[in-house]
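Take a look at the structure set out below.
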Amino acid sequence: MSFAAKSAIPNDADAALRQPVLEQAAEGGMTLFTAPAGYLLTGSLAAVLDGHGRSMLWLRLGPEDRDPAVLLMSLIASAQHIRPGLGTDTVSQMRRLPGPIQGWPHLFEHLGRELNEALPTSSAIVLEHVHYLNDVQPTLALLGHYILSALPSNVVCILASHNPLPPATLPVRTAYRGVNDLRLADHAALGLLESAEAKLPSALVYRANTLVGGRAGVLADLFSAVALHGRASVQQAVERATSLEDLLTRVARAWLTTVNAETLQAIALATRLEFSHPALIQAAIGVATTPAGPWLQPLADNWKRVRRVWLGPLRASSRAESTLSGDMLRRAADYL
């Protein structure tokens, strides 16, 4: 069974910022966003797609999806959120004609046909972290040639990658968007501040936007931190930080000094797994605590995801390895 959080759709509050480039991607066609973590507001993207009335097949890829079989099963599990039973024919084919023996193209082509025939015409497919399917492995080319190319033209497809992808592996109709299309200008940063509950002077917002390099997602996180934790510690972090990493580490460290041991363990578990869920925390730690903080993106079905740009600063600040016992990790593994 595929990890449920990989297919959970974002439902966070950063949807307040509607970037024109996201509206364009939601209108139709295939778009690849190439930018480091923090630039693409996936909560906003989900809200825009929902506003266009599109049912969403959402999948966050991981290193495991470099294996063609794992990618097929991940896609099928996500597709079944839209259309239960979709992909069962491909699974039967995988059992009868396994890819390592018979070859992968016919299996990817088979799933491509199933998606073409079964997905509603108003669907949207969103694949995050496509950089894991690097060009060293054949999986990206299989995905591009046999599944993405087979999608009907009225099905929106949006790919997100931290690194450039070889154009030859993607359909020719792909529109390419990068950092320059997503970077937040200072006037837009002030607009984002107005939609948040944070109260910060304009000069501090400009400095923060410079430190984060115009990453809309990170700036929204900082405004959330002000609303949740108060202005003083965030303002001090912005004034003293010398880089993005330094800024996020200062904010994380100030926040984590205010939480109790159980919450710190819940955060440590989240940074270890990159996801969190109340039932998972209860099973692993034994207490019904919910970690909070601007670094956790709310997803469907009570899942939360640790935003990728915060992983390093959180791990450094919470010392995740020293706060989780082996028994806790085993209980988490048993739950998953």
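Using a 4.5 Å cut-off between side-chain heavy atoms of Ile, Leu, Val, Met, Phe, Trp and Tyr, with links allowed through other members, V226 and L228 fall into the same hydrophobic cluster. When hydrophobic clusters are built by joining Ile, Leu, Val, Met, Phe, Trp and Tyr residues whose side-chain heavy atoms come closer than 4.5 Å, directly or via intermediates, Y132 is not grouped with F108. A single hydrophobic cluster is not seen to contain both V70 and W58; linkage of ILVMFWY side chains at heavy-atom distances under 4.5 Å, directly or through other members, places them apart. Under the 4.5 Å side-chain heavy-atom criterion for ILVMFWY residues, a single connected hydrophobic cluster contains both Y206 and V234. A continuous path of Ile, Leu, Val, Met, Phe, Trp and Tyr side chains, each step under 4.5 Å between heavy atoms, connects L119 with L71, placing both in one hydrophobic cluster.
Results of the side-chain contact (heavy atoms from CB on, under 4.5 Å) test with L32 over V130, T174, L127, I158 single out T174 as the only residue that passes. When each of L244, L41, V179 is paired with R215, the side-chain contact (heavy atoms from CB on, under 4.5 Å) condition holds for L244 and for no other. Each of L57, L115, I76 was evaluated against L86; a single residue qualifies, L115, per the side-chain contact (heavy atoms from CB on, under 4.5 Å) test.
Between L72 and W104, the closest side-chain pair of non-hydrogen atoms falls below 4.5 Å. V212 has its side chain out of reach of L248: every pair of non-hydrogen atoms, C-beta onward, lies at least 4.5 Å apart. Counting heavy atoms from C-beta outward, M73 and V91 have side chains that approach closer than 4.5 Å. For the pair Q297 and P10, the minimum side-chain heavy-atom distance is below 4.5 Å.
Checked against salt bridge (charged side-chain N to carboxylate O under 4.0 Å, His left out), D67 has no partners two or more places apart in sequence or in another chain. Under the rule for a salt bridge (charged side-chain N to carboxylate O under 4.0 Å, His left out), the partners of D327 that lie at least two apart in sequence or sit in another chain are R330. Applying the ring-ring contact (aromatic ring centres under 6.0 Å, His included) rule to H52 yields no partners; only residues at least two apart in sequence or on another chain are considered. Qualifying side chain to side chain contact (heavy atoms under 4.5 Å, CB included) partners for A237, counting only residues two or more places apart in sequence or in other chains: L247, R250, V251. With sequence neighbours excluded, the residues forming a salt bridge (charged side-chain N to carboxylate O under 4.0 Å, His left out) with R60 are E128, listed by chain and number. Residues forming a salt bridge (charged side-chain N to carboxylate O under 4.0 Å, His left out) with E239 (at least two apart in sequence, or on another chain): none. H229 pairs by the side chain to side chain contact (heavy atoms under 4.5 Å, CB included) definition with S233, W255, T258, not counting sequence neighbours. Remark: N154 pairs with T121, P152 by the side chain to side chain contact (heavy atoms under 4.5 Å, CB included) rule, at least two apart or across chains. Partners of E262 under the side chain to side chain contact (heavy atoms under 4.5 Å, CB included) rule, at least two apart in sequence or in another chain, are N260, V287, T289. Considering only residues two or more places apart in sequence or on other chains, Q80 meets the side-chain hydrogen bond (donor to acceptor under 3.5 Å, both in side chains) condition with none of them.
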Note to self: Between L280 and L336, does the side chain to side chain contact (heavy atoms under 4.5 Å, CB included) criterion hold? Intermediate values first, please.
What the structure shows: CA-CA 8 Å; L280 171 61; L336 294 173; 4.2 Å; yes

Next item on the list: Determine, step by step, whether L40 and L22 satisfy the side chain to side chain contact (heavy atoms under 4.5 Å, CB included) criterion, reporting the C-alpha distance in whole Å, the side-chain angles of both residues, the deciding distance to 0.1 Å, and the verdict.
Entry: CA-CA 9 Å; L40 179 61; L22 302 185; 3.6 Å; yes

Next item on the list: Might you work through the side chain to side chain contact (heavy atoms under 4.5 Å, CB included) test for F223 and L200, ending with a clear yes or no?
Entry: CA-CA 9 Å; F223 295 160; L200 293 172; 3.8 Å; yes

Item checked: Derivation and outcome, side chain to side chain contact (heavy atoms under 4.5 Å, CB included), residues S317 and T249 -> CA-CA 7 Å; S317 301; T249 300; 3.8 Å; yes

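Nearest approach of D89 to E114, heavy atoms of both residues: CB-OE2, 3.5 Å. Residues A284 and L269 come closest through the heavy atom pair CB-CD2, 3.8 Å. The minimum heavy-atom distance linking T271 with L311 is given by the pair O-CD2, 3.8 Å. Of all heavy-atom pairs between L296 and V306, the closest is CD2-CG2, 3.7 Å. Nearest heavy-atom pair, S7 versus L59, reported as atom, atom and distance to 0.1 Å: OG-CD1, 4.3 Å. Contact record, P201 with R231: CD-NH2, 3.6 Å, taken as the closest heavy-atom pair.
Judged purely by atom type and a 3.5 angstrom limit, Q93 has no side-chain atom pairing as donor or acceptor with the backbone of L107. Looking only at distances, no side-chain donor or acceptor of R305 sits under 3.5 Å from a matching main-chain atom of L299. Within the 3.5 Å criterion, the main-chain N or O of A37 finds no donor-acceptor partner in the side chain of R308. For the pair S78 (side chain) and L75 (backbone), a donor-acceptor distance under 3.5 Å is absent. Proximity of a side-chain donor or acceptor of N209 to a complementary backbone N or O of L184 within less than 3.5 Å is detected. For R207 (side chain) and V238 (main-chain N/O), a donor-acceptor pair under 3.5 Å exists by modelled atom type. Between the Y39 side chain and the G213 main chain, a donor and an acceptor come within less than 3.5 Å of each other. When atom types are taken as modelled, the side chain of S149 and the backbone of G144 share a donor-acceptor pair closer than 3.5 angstrom. A donor-acceptor pair is defined here as one N or O able to donate and one able to accept, closer than 3.5 Å; such a pair exists between the side chain of R54 and the backbone of A26.
Residue L49 holds its CG atom at 4.5 Å from CG of L45, rounded to the nearest 0.5 Å.
Sorted by first and then second residue, the ring-ring contact (aromatic ring centres under 6.0 Å, His included) pairs involving residues 258-291 (not counting sequence neighbours) are F3-F275, H277-W303. Note on residues 142-178: pairs passing ring-ring contact (aromatic ring centres under 6.0 Å, His included), not counting sequence neighbours, are H129-H162, H131-H162.
Using a 4.0 Å cut-off between a side-chain N of Lys or Arg and a carboxylate O of Asp or Glu, K6 and D65 qualify as a salt bridge.
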